[in-house]
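Have a look at the structure below, then the notes.
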Amino acid sequence: MDKEFVDPFIINALKEDVGDGDHTSLATIPERTMGKARLLVKENGMLAGVELAEEIFHTIDPKLKLTIFLKDGTEVKPKDIVLEVEGSVHSILKGERLVLNCMQRMSGIATQTDHIVDLLKGTNTQLLDTRKTTPGMRYLEKWAVRIGGGVNHRFGLYDMILIKDNHVDYSGGIRQAIENTQEYMRVNNKKLAIEIEVRNLDELEEVLQTGGVDRIMLDNFNFADLKQAVNIIEGRYITEASGGITIDNVREYANCGVDYISIGAITHSVKCLDLSLKAVKPGK
């Protein structure tokens, strides 16, 4: 967990949700009431966000006591108990929704990622995420991908050069885009990995003639062309397939021999895992 990303997220999320106070809890429950709650699993999946939940509760109230039963990356089933939190009831309720929102989404992403990674077993292809993430939650969503066994692509626009179709078209073509990039890197003393997207075998050939990149993204290729492209590249560059890849066809794409497959849906269209936080009555 990188606190440089996590701590500001927690502070902003609590400010958004709590505002000037949790008036429902303040109105209904005496201030010094102490209690316990359990975080319960309600469907099968892979757990993610436990470490984050602990950080959220302790940011709200360092005196809260957490007992963790299940760690991130654990396969879970209905009625599993993830954790217990004990202490000020006001503090527990203040953190309830933020913990659940984050853990449900992260667990959904980890579950979907784990499923696709399982489909890729026996191939040499790894699953990549994309920048198709929820604004403000990118770090958490990419964290969940790692928990599920996937690999993070670039985090943002700043940590890698990715020349996509619009860059190619605006710069005047494949060769010009690559040459412009090389000049930019030289003038600005940048050392960033360079990936370029190609849309067909002709563009691939132009990239191979130009050189100066580290990875080639083969976008929306059919299976025959993808296999041919991988054979043409012959391991000289890292290969990535993208576009139109789903659970139903991911194995067939992997069988074409690419190094990576990127699927934006593992973060932008994921179903959250159903979790709940329930009060524990005294003596239970």
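- For the atom pair Cys102 SG and Glu55 CD, the distance stands at 12.0 Å (nearest 0.5 Å).
- Glu240 and His153 share a donor-acceptor pair across their side chains, judged by distance under 3.5 Å alone.
- Here the CD1 atom belonging to Ile216 is positioned 10.0 Å from the CD1 atom belonging to Ile232, to the nearest 0.5 angstrom.
- Between the Lys94 side chain and the Val89 main chain, no donor and acceptor come within less than 3.5 Å of each other.
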Full working for side chain to side chain contact (heavy atoms under 4.5 Å, CB included) between Asp259 and Gln126: CA-CA 6 Å; Asp259 298 304; Gln126 293 181 282; over 6 Å; no
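- For Ile147 against Ala110, the heavy-atom pair with the smallest separation is CG2-CB, 4.3 Å.
- For the residue pair Thr210/Glu179, the side-chain donor-acceptor check at 3.5 Å is not satisfied.
- Under a 4.0 Å N-O distance rule, the pair Lys278/Glu96 does not qualify as a salt bridge.
- Following chains of ILVMFWY side-chain contacts shorter than 4.5 Å, one can reach Leu64 starting from Leu277, so the two form part of one hydrophobic cluster.
- Listed for the Arg105 side chain is a donor-acceptor partner under 3.5 Å among the backbone atoms of Thr267.
- The aromatic rings of Phe5 and Tyr139 lie parallel to each other, their planes meeting at an angle below 30°, with 60° marking the opposite boundary.
- Expressed to the nearest 0.5 Å, how far CD1 of Ile81 lies from CD1 of Ile68 amounts to 12.5 Å.
- Around the CG atom of Asn222, the shell of radius 6.0 Å holds more than 12 heavy atoms that belong to other residues, nucleotides or ligands.
- Of all heavy-atom pairs between Glu206 and Arg175, the closest is OE2-N, 3.5 Å.
- Using a 4.5 Å heavy-atom cutoff, the side chains of Leu162 and Ile194 are not in contact.
- The side-chain heavy atoms of Asn152 and Arg146, taken from C-beta on, include a pair separated by under 4.5 Å.
- Taking the centre and axis of the six-membered ring of Phe9, the NZ or CZ atom of Arg138 falls outside the cone set by 45° and 6.0 Å.
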Pair Glu54-His58, side chain to side chain contact (heavy atoms under 4.5 Å, CB included): steps then yes or no: CA-CA 6 Å; Glu54 191 171 10; His58 283 155; 3.9 Å; yes
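- Between the side chain of Thr74 and the backbone N or O of Leu70, no donor-acceptor pair lies under 3.5 Å.
- Between Ile247 and Leu119 there is a side-chain heavy-atom pair separated by less than 4.5 Å.
- Minimum interatomic distance between Val151 and Tyr260 (heavy atoms only, all atoms of both residues): CG1-CE2, 4.4 Å.
- Follow the hydrophobic side-chain contacts under 4.5 Å out from Leu201 and you reach Ile174 in the same cluster.
- Other residues, nucleotides and ligands contribute only 12 or fewer heavy atoms inside 6.0 Å of the CZ atom of Arg32.
- Using modelled atom types, no side-chain atom of Asp274 and backbone atom of Glu43 make a donor-acceptor pair closer than 3.5 Å.
- Partners of Glu203 under the salt bridge (Lys or Arg N to Asp or Glu O under 4.0 Å) rule, at least two apart in sequence or in another chain, are Arg199.
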Side chain to side chain contact (heavy atoms under 4.5 Å, CB included) evaluation trace for Leu127 with Ile266: CA-CA 10 Å; Leu127 176 65; Ile266 60 174; 4.2 Å; yes
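- For the pair Met103 and Leu100, the minimum side-chain heavy-atom distance is 4.5 Å or more.
- Judged purely by atom type and a 3.5 angstrom limit, Gln182 uses its side chain to pair as donor or acceptor with the backbone of Gly212.
- Distance alone, capped at 3.5 Å, is enough to place a donor-acceptor pair between the Asp80 side chain and the Lys77 backbone.
- Here the two rings, on Phe223 and Tyr253, have centers that are under 6.0 Å apart.
- Within the 3.5 Å criterion, the main-chain N or O of Gly244 finds a donor-acceptor partner in the side chain of Asn249.
- The heavy-atom pair separating Leu47 from Lys71 by the smallest distance is CD2-O, 3.8 Å.
- How far OG1 of Thr239 is from CG of Leu204: 10.5 Å, rounded to the nearest 0.5 Å.
- Asp17 has its side chain within reach of Arg97: a pair of non-hydrogen atoms, C-beta onward, lies under 4.5 Å apart.
- Of all non-hydrogen atoms in Glu75 and Asp114, the two that sit nearest each other are OE2-OD2, 3.0 Å.
- Counting non-hydrogen atoms of other residues, nucleotides and ligands closer than 6.0 Å to OH of Tyr158 gives a total above 12.
- A single hydrophobic cluster is seen to contain both Ile263 and Val270, as judged by linkage of ILVMFWY side chains at heavy-atom distances under 4.5 Å, directly or through other members.
- Under a 3.5 Å cut-off, the side chain of Asp225 and the backbone N or O of Phe221 do not form any donor-acceptor pair.
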Test log, rule side chain to side chain contact (heavy atoms under 4.5 Å, CB included), inputs Glu195 and Ile163: CA-CA 6 Å; Glu195 178 172 9; Ile163 306 169; over 6 Å; no
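- The distance from atom CH2 of Trp143 to atom CG of Asp129, rounded to the nearest 0.5 Å, is 15.0 Å.
- Atom CG of Asn255 and atom CZ of Arg251 lie 5.0 Å apart (nearest 0.5 Å).
- Although no hydrogens or angles enter the test, the distance criterion places no donor-acceptor pair under 3.5 Å between the side chain of Asp219 and the main chain of Val198.
- Considering all non-hydrogen atoms of both residues, Met106 and Leu140 come closest at CE-O, 3.6 Å.
- Side-chain N or O atoms of Glu197 include one that pairs as donor or acceptor with a backbone N or O of Asp165 at under 3.5 Å.
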Criterion side chain to side chain donor-acceptor pair (under 3.5 Å) on Asn180 and Ser171, from CA distance to verdict: CA-CA 8 Å; Asn180 288 349; Ser171 62; 4.8 Å; no
